[in-house]
Amino acid sequence: NLELHEIIHHRDRNKQNNLEDNLHEVGKRDQNANRFKKSDLPTGVKKKQSRYEVYVTINKKKEYFGSYKTPEEAGQRYRDIVAALKDFDA
């Protein structure tokens, strides 16, 4: 039973696909975050031609951290960089 703050989300963003494995409940905050997502690429990754580039914002400036063959490789590199930066700040 859904409460007022819960929303049904379509995992594939296709509102016509109402198969049970494509639907899940989310809160309003999660739904709003998902509404404005511009791509299915991992955070910090942009596609450029056939490669995936990693950018991390440091001190309000976007820094380039390389080009990778797959979005998964690029996403992992982004997460590694962010984790290293958090460790450095600690």
Side-chain angles (χ1 to χ4, degrees):
N1 201 10
L2 292 177
E3 295 183 24
L4 290 177
H5 67 279
E6 293 177 328
I7 298 168
I8 297 295
H9 170 74
H10 293 79
R11 293 179 201 268
D12 67 2
R13 298 187 189 176
N14 176 356
K15 292 181 183 180
Q16 303 303 312
N17 181 358
N18 291 317
L19 296 174
E20 187 174 343
D21 65 341
N22 187 48
L23 304 174
H24 67 109
E25 295 176 25
V26 297
K28 190 135 181 100
R29 173 183 278 175
D30 294 328
Q31 176 65 15
N32 284 337
N34 190 54
R35 279 178 60 196
F36 301 108
K37 187 173 181 186
K38 294 181 183 175
S39 82
D40 290 326
L41 292 174
T43 301
V45 176
K46 294 186 188 281
K47 185 169 184 181
K48 187 166 186 180
Q49 296 172 2
S50 62
R51 305 279 293 180
Y52 298 88
E53 297 183 338
V54 174
Y55 293 89
V56 178
T57 302
I58 302 171
N59 296 326
K60 299 181 184 179
K61 183 178 177 201
K62 234 180 221 184
E63 300 286 346
Y64 172 76
F65 283 91
S67 175
Y68 301 85
K69 289 182 182 178
T70 68
E72 294 80 16
E73 285 179 299
Q76 185 60 55
R77 178 70 173 137
Y78 174 85
R79 289 187 296 278
D80 292 346
I81 293 164
V82 169
L85 289 171
K86 285 181 182 177
D87 288 344
F88 182 76
D89 285 342

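In this text, all values refer to a predicted model and were calculated from it rather than measured experimentally. Only this structure's heavy atoms are used, side chains among them; waters, hydrogens and symmetry mates stay out.
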Please determine whether residues [X] and [Y] belong to a single hydrophobic cluster, defined as Ile, Leu, Val, Met, Phe, Trp and Tyr linked transitively by side-chain heavy-atom distances below 4.5 Å.
X     : Y     : value
Tyr64 : Tyr78 : no
Val45 : Tyr55 : no
Val54 : Leu85 : yes

Minimal heavy-atom distance between Lys47 and Leu41, with the atoms involved, is N-CD1, 3.7 Å
Exercise: identify the closest heavy-atom pair between Glu72 and Arg79
O-NH2, 4.4 Å
Look up atom NZ in Lys46 and atom OH in Tyr52, then write down how far apart they are to the nearest 0.5 Å.
14.0 Å
So CZ of Arg77 and OH of Tyr68: to nearest 0.5 Å the spacing works out to 4.5 Å
